[in-house]
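Note that the structure is a prediction, hence the values are computed from the model and not measured. Keep in mind that the numbers below use all heavy atoms, side chains included, and drop hydrogens, waters and symmetry copies.
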Amino acid sequence: TALRDPSPRVRTFAIQSAGRMGRAAAIPAVRAAAGDPDSNVRIAALSALGLSKDPSVLGEVRKALHDKDTIVQLVAHEALVRLKQPQSAQPFLAAARDFSPAVRGAAMGILGRLKDPSALSVLTLGLHDPDPSVRSFAAGALGDLGAASAVTALVDALSDQDPYVRNFAAGSLGRLNAKVAIPALWGAVKDSDSLVRLASAESLVRLGEGEAALAIRELLKDPEYGVRSAAVGAMARSDPSRAMALALEAFDDPAPRVRVASVQALGRIGGRTAIPYLRRALQDKDLTVRAFAAGHLGAVATDRKQKKGD
């Protein structure tokens with residue numbers, strides 16, 4: 001199976017899929033993956049086990065507290081928090097000051113996901129870290145934290161020299177419902193980086209600036225398939241009423257990743273209207289597109305049966 005695939009990337013994806021389905025604790029291979037030779041696989045397994053909220057996985061998670069990789073240890077601490085085990089925020093706060101940028105970034109990401117208010121000062125300081133990847137984590141984590149008091153700092157981060165920092169700052173301002181940031185976000189819609197423009201436009205739509213949806217649609221013409229794919233997802237999240245039309249525009253995109261994004265958007269927001277398009281996607285030449293189409297068709301069918309039962 002994919003959980004035993006020789007590729008760590010495939011194993012990681014399979015574990016994440018099991019976690020999303022809520023089956024991580026019930027699959028022995030996922031539990032065993034907490035001891036996988038690859039650290040990314042171990043991280044994925046521990047995250048999935050923590051989200052399972054099943055106390056039977058405590059043994060595997062606690063063992064990972066002694067892992068040789070510091071980030072794996074941090075994810076194990078995070079999993080214990082999610083499993084309702086008493087945990088101090090101190091390991092994460094200390095790691096946010098670690099000499100390694102990777103460790104600092106991982107700690108900030110966790111602090112944001114756990115929504116620990118004691119992390120506010122550390123995350124705000126993280127916006128000034130010398131490493132751009134850490135600043136990016138800090139900008140995203142402040143949005144996850146729901147830290148309204150960080151809005152001014154995030155607006156300043158829209159001028160960061162690194163586009164990833166600007167991207168995460170723009171996204172966080174939308175999640176924080178920071179209407180005071182609307183003028184700054186309109187400025188960021190003209191950023192030189194496509195993903196910054198996209199994140200800014202998505203946040204503006206979230207904040208009630210409907211005309212920003214035009215900027216998202218324009219990015220469907222971007223030469224980078226990653227940007228086109230992200231544009232479809234952004235519209236589905238921020239303006240479902242317009243997302244159907246955008247997803248159909250992307251349905252025949254030459255890049256499989258964009259077609260996958262189109263299928264995902266149609267499956268999430270299209271309901272019965274999406275069924276003919278999802279059936280057509282079952283004939284796509286790309287296996288991943290066909291797999292997502294089949295999955296969403298199954299979900300639509302299940303939803304229809306449940307509604308009939310009600």
Side-chain angles (χ1 to χ4, degrees), residues 7 9-10 12-14 16-17 19-20 40 44 109 133 136-137 139-140 143-144 162-175 185 188-206 212-271 273-274 276-297 299-300:
S7 166
R9 187 174 180 182
V10 172
T12 297
F13 181 78
Q16 290 169 338
S17 297
R20 284 193 294 271
N40 288 322
S133 68
S136 298
F137 271 109
D144 294 337
D162 187 88
Y164 288 102
V165 180
R166 301 197 300 274
N167 179 13
F168 281 102
S172 286
L173 287 167
R175 296 204 304 282
L185 286 167
V189 167
K190 301 171 186 175
D191 195 277
S192 59
D193 184 86
S194 299
L195 289 176
V196 177
R197 296 199 298 275
L198 178 59
S200 302
E202 180 179 356
S203 286
L204 283 166
V205 173
R206 286 177 182 268
L214 297 174
I216 298 178
R217 185 171 184 176
E218 189 63 27
L219 286 165
L220 200 60
K221 304 172 186 175
D222 195 275
E224 293 288 333
Y225 69 82
V227 175
R228 300 197 302 276
S229 171
V232 176
M235 189 71 90
R237 289 188 300 270
S238 61
D239 192 352
S241 63
R242 302 190 197 193
M244 183 84 174
L246 193 76
L248 291 176
E249 282 186 50
F251 197 75
D252 294 312
D253 192 280
R257 181 170 162 183
V258 182
R259 299 199 299 278
V260 166
S262 172
V263 166
Q264 288 180 300
L266 288 169
R268 284 198 300 266
I269 63 175
T273 309
Y277 302 104
L278 294 173
R279 284 178 176 160
R280 182 178 148 201
L282 291 174
Q283 309 303 317
D284 195 280
K285 60 186 176 182
D286 185 83
L287 174 61
T288 305
V289 177
R290 298 197 301 271
F292 273 98
H296 281 291
L297 274 170
V300 171

Contact summary for [X] and [Y], nearest pair of heavy atoms:
| X | Y | result |
| --- | --- | --- |
| Ile269 | Pro240 | CD1-O, 3.8 Å |
| Ala212 | Leu204 | CB-CB, 3.6 Å |
| Ala213 | Arg242 | CB-NH1, 3.4 Å |
| Arg290 | Asp284 | NH1-O, 2.8 Å |
| Asp239 | Val205 | CB-CG1, 3.8 Å |

Flag the pair [X] / [Y] as yes when at least one side-chain heavy-atom distance between them is below 4.5 Å, and no otherwise.
| X | Y | result |
| --- | --- | --- |
| Asp253 | Val232 | no |
| Leu266 | His296 | no |
| Glu249 | Arg217 | yes |
| Asp162 | Ser136 | yes |
| Arg175 | Asp144 | yes |
| Gln16 | Thr12 | yes |

Can you find a side-chain donor-acceptor pair between [X] and [Y] that sits under 3.5 Å?
| X | Y | answer |
| --- | --- | --- |
| Asp222 | Ser194 | yes |
| Arg206 | Ser203 | no |
| Ser262 | Arg259 | no |

Check Glu218 with Arg197, please: is the shortest side-chain N to carboxylate O separation under 4.0 Å? no
I would like to know whether Asp191 and Arg166 meet salt bridge (Lys or Arg N to Asp or Glu O under 4.0 Å); could you show each step before the answer? CA-CA 9 Å; Asp191 195 277; Arg166 301 197 300 274; 2.8 Å; yes
